[in-house]
Amino acid sequence: MEKSLGRHLIAEFYDCDPQAIDDVEYVEEKMKNAAIIAGATIVGSSFHRFLPYGVSGVVVISESHLTIHTWPEYGYAAIDLFTCGEDTDPWKAFEYLKQVFKAKRTQVFEHRRGDYRTIGIPFEASHKAVKGGVKHE
């Protein structure tokens, strides 16, 4: 696997539990839990419930962010899970959220952010990777 600064999952969750993805407190709690399960450190969060329905929010983590936008009327949630560093795993957050929002179908793409070769970080520098990114000297 090629080294990169971060991993960014862009996920589509279909046929979710409409009540779950329309409850701003529930969504925020589960997104924060997902960050912890991924091995991330939470810095802060901001969530908002729209009228008549829908939730948008972000959990800012030391290692980047997790975001969600929901359309309960369609049972749909758009979720981004962007983590950096060697100690985080966005796929753990993905699996957890799939379960708690009861998504019956998903589509997900993983994008490597900051490919070492492309941005000019020598492969030998990979041992200097620290939680939250690459150690700068």
Quiz item: Are R7 and R112 side-chain neighbours, meaning at least one heavy-atom pair lies under 4.5 Å?
Solution: yes
Quiz item: With a 4.5 Å limit on heavy-atom distance, are the side chains of E25 and F47 in contact?
Solution: no
Quiz prompt | Of Y76, Y74, F101, W71, the residue whose pairing with I21 passes side chain to side chain contact (heavy atoms under 4.5 Å, CB included) | solution = F101
Self-check item: NE2 on H48 to NE2 on H69, rounded to 0.5 Å
Solution: 12.0 Å
Self-check item: Evaluation steps, side chain to side chain contact (heavy atoms under 4.5 Å, CB included), between L97 and L81
Solution: CA-CA 11 Å; L97 293 171; L81 307 168; 4.0 Å; yes
Practice problem: Could you check E95 against K98 for side chain to side chain contact (heavy atoms under 4.5 Å, CB included), going step by step and ending with a plain yes or no? | Solution: CA-CA 5 Å; E95 290 298 332; K98 180 179 171 182; 4.2 Å; yes
Practice problem: Report the distance from atom CG of N33 to atom CD of E28, rounding to the nearest 0.5 Å. | Solution: 10.5 Å
Quiz item: Going hydrophobic residue to hydrophobic residue with side-chain gaps under 4.5 angstrom, can you get from F13 over to F82?
Solution: no
Quiz item: With the 4.5 Å side-chain cut-off for hydrophobic clustering, are I42 and V100 part of the same group?
Solution: yes
Quiz item: Is there a donor-acceptor pair under 3.5 Å between the side chain of E63 and the backbone N or O of T41?
Solution: yes
Quiz item: What are the two closest heavy atoms between A93 and A34, and how far apart are they?
Solution: CB-O, 3.5 Å
Self-check item: Audit row: D15, K102, salt bridge (Lys or Arg N to Asp or Glu O under 4.0 Å) steps and yes/no
Solution: CA-CA 8 Å; D15 304 318; K102 300 180 182 164; over 6 Å; no
Exercise. Begin with the C-alpha distance, continue with both residues' side-chain angles, and end with the deciding distance and a verdict on side chain to side chain contact (heavy atoms under 4.5 Å, CB included) for S62 and V43.
Key: CA-CA 6 Å; S62 294; V43 173; 3.7 Å; yes
Quiz item: At their closest point, which heavy atom of G54 faces which heavy atom of D22, and how far apart are they?
Solution: N-OD1, 2.8 Å
Quiz item: Does Y96 belong to the same Ile/Leu/Val/Met/Phe/Trp/Tyr cluster as Y26, with side-chain heavy atoms less than 4.5 Å apart forming each link?
Solution: yes
Quiz item: Any salt bridge between D23 and R49, counting N to O under 4.0 Å?
Solution: no
Practice problem: Using the side chain to side chain contact (heavy atoms under 4.5 Å, CB included) rule, take K32 and S45 through it: C-alpha gap first, then chi angles, then the decisive distance, then the call. | Solution: CA-CA 8 Å; K32 286 179 175 179; S45 65; 3.1 Å; yes
Quiz item: So how far is it from T83 OG1 to L66 CG, rounded to the nearest 0.5 Å?
Solution: 8.0 Å
Quiz prompt | Linked, directly or transitively: V27 and I36 (ILVMFWY side chains, under 4.5 Å) | solution = yes
Quiz prompt | Shortest non-hydrogen contact between A35 and I61, atoms and distance | solution = CB-CG2, 3.9 Å
Quiz item: Under 3.5 Å, is there a donor-acceptor pair between the side chain of T70 and the main chain of V55?
Solution: yes
Practice problem: For the residue pair W91 and F94, categorise the inter-ring angle as parallel (less than 30°), tilted (30 to 60°) or perpendicular (more than 60°). | Solution: perpendicular
Exercise. Find out if a path of hydrophobic residues (ILVMFWY) with successive side-chain heavy-atom gaps under 4.5 Å connects V58 to I37.
Key: no
